Novice: 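Sharing a structure here in structure tokens format.
On a predicted model such as this, the values are computed, not experimentally measured, just so you know. Both counts, for ligands and for their atoms, begin at 1 and track the order of listing. Residues take their numbers from the sequence shown, with the count starting at 1.
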Amino acid sequence: KDVIPPLEQLMVEKEGYLQKAKIADGGKKLRKNWSTSWIVLSSRKIEFFKESKQQALSNMKTGHKPESVDLCGAHIEWAKEKSSRKNVFQITTVSGNEFLLQSDIDFIILDWFHAIKNAIDRLPKD
Ligand code: I3P
């Protein structure tokens with residue numbers, strides 16, 4: 001129904017397309033499968049949309065939910081050894097979900113790394 005989320009959750013800090021691979025769910029390893037994702041960072045979460053932004057916005061009206069990642073207590077680190085690709089970092093959540101994010105373009109991945117790191121550092125750890 002029409003639950004109004006707190007204002008802070010509505011504040012989008014950054015959005016854009018990156019390559020994404022989820023490599024663990026609740027601590028259980030998954031087969032790596034890279035795909036393009038539209039990614040929306042707000043103060044305490046990241047949302048991953050499988051579709052284009054346009055498609056995602058129209059799907060939301062029908063109650064379709066993106067994958068949402070709680071950043072409280074999450075970790076972010078560069079993960080050179082986890083991929084043959086360049087510019088890969090990993091986000092690990094308290095719940096044991098692990099995501100790799102990647103872009104071939106250096107400044108794009110650096111901007112994302114710092115934006116997400118800043119968001120995590122501003123949040124309480126639990
Ligand atoms: C994986 C696929 C991934 C690759 C991964 C492979 O094979 O090629 O792109 O990761 O390497 O296992 P498959 O599609 O058969 O599952 P990178 O592109 O990040 O290197 P990995 O097993 O060394 O992680």
Novice: How far is atom 20 (O) of ligand 1 from its nearest protein heavy atom, and which residue and atom is that?
Specialist: Ser84 OG, 2.6 Å
Novice: Is atom 15 (O) of ligand 1 near the protein, in the sense that some protein heavy atom lies at less than 4.0 Å from it?
Specialist: yes
Novice: Please report which non-hydrogen protein atom sits nearest to atom 4 (C) of ligand 1, along with the residue it belongs to and the distance in Å to one decimal place.
Specialist: Lys32 CD, 4.0 Å
Novice: Starting from atom 13 (P) of ligand 1, find the nearest protein heavy-atom neighbour and note its residue, name and distance.
Specialist: Arg31 NH2, 3.4 Å
Novice: Is the closest basic N to carboxylate O distance between Glu13 and Lys45 below 4.0 Å?
Specialist: no
Novice: If I compare all heavy atoms of Glu15 with all of Trp112, which pair ends up nearest, and what's the gap?
Specialist: C-CZ2, 3.6 Å
Novice: Do the side chains of Lys86 and Asp106 get close enough for a salt bridge, i.e. N-O under 4.0 angstrom?
Specialist: yes
Novice: How close does the nearest protein non-hydrogen atom get to atom 19 (O) of ligand 1, and which residue and atom is it?
Specialist: Ser83 OG, 2.5 Å
Novice: Taking the side chain as every heavy atom from C-beta outward, state whether Leu100 and Lys32 have any pair of such atoms under 4.5 Å apart.
Specialist: yes
Novice: In this structure, which one of Lys22, Lys29, Lys28 forms a side chain to side chain donor-acceptor pair (under 3.5 Å) with Asp25?
Specialist: Lys22
Novice: Strictly less than 4.0 Å: does any protein heavy-atom distance to atom 8 (O) of ligand 1 fall in that range?
Specialist: no
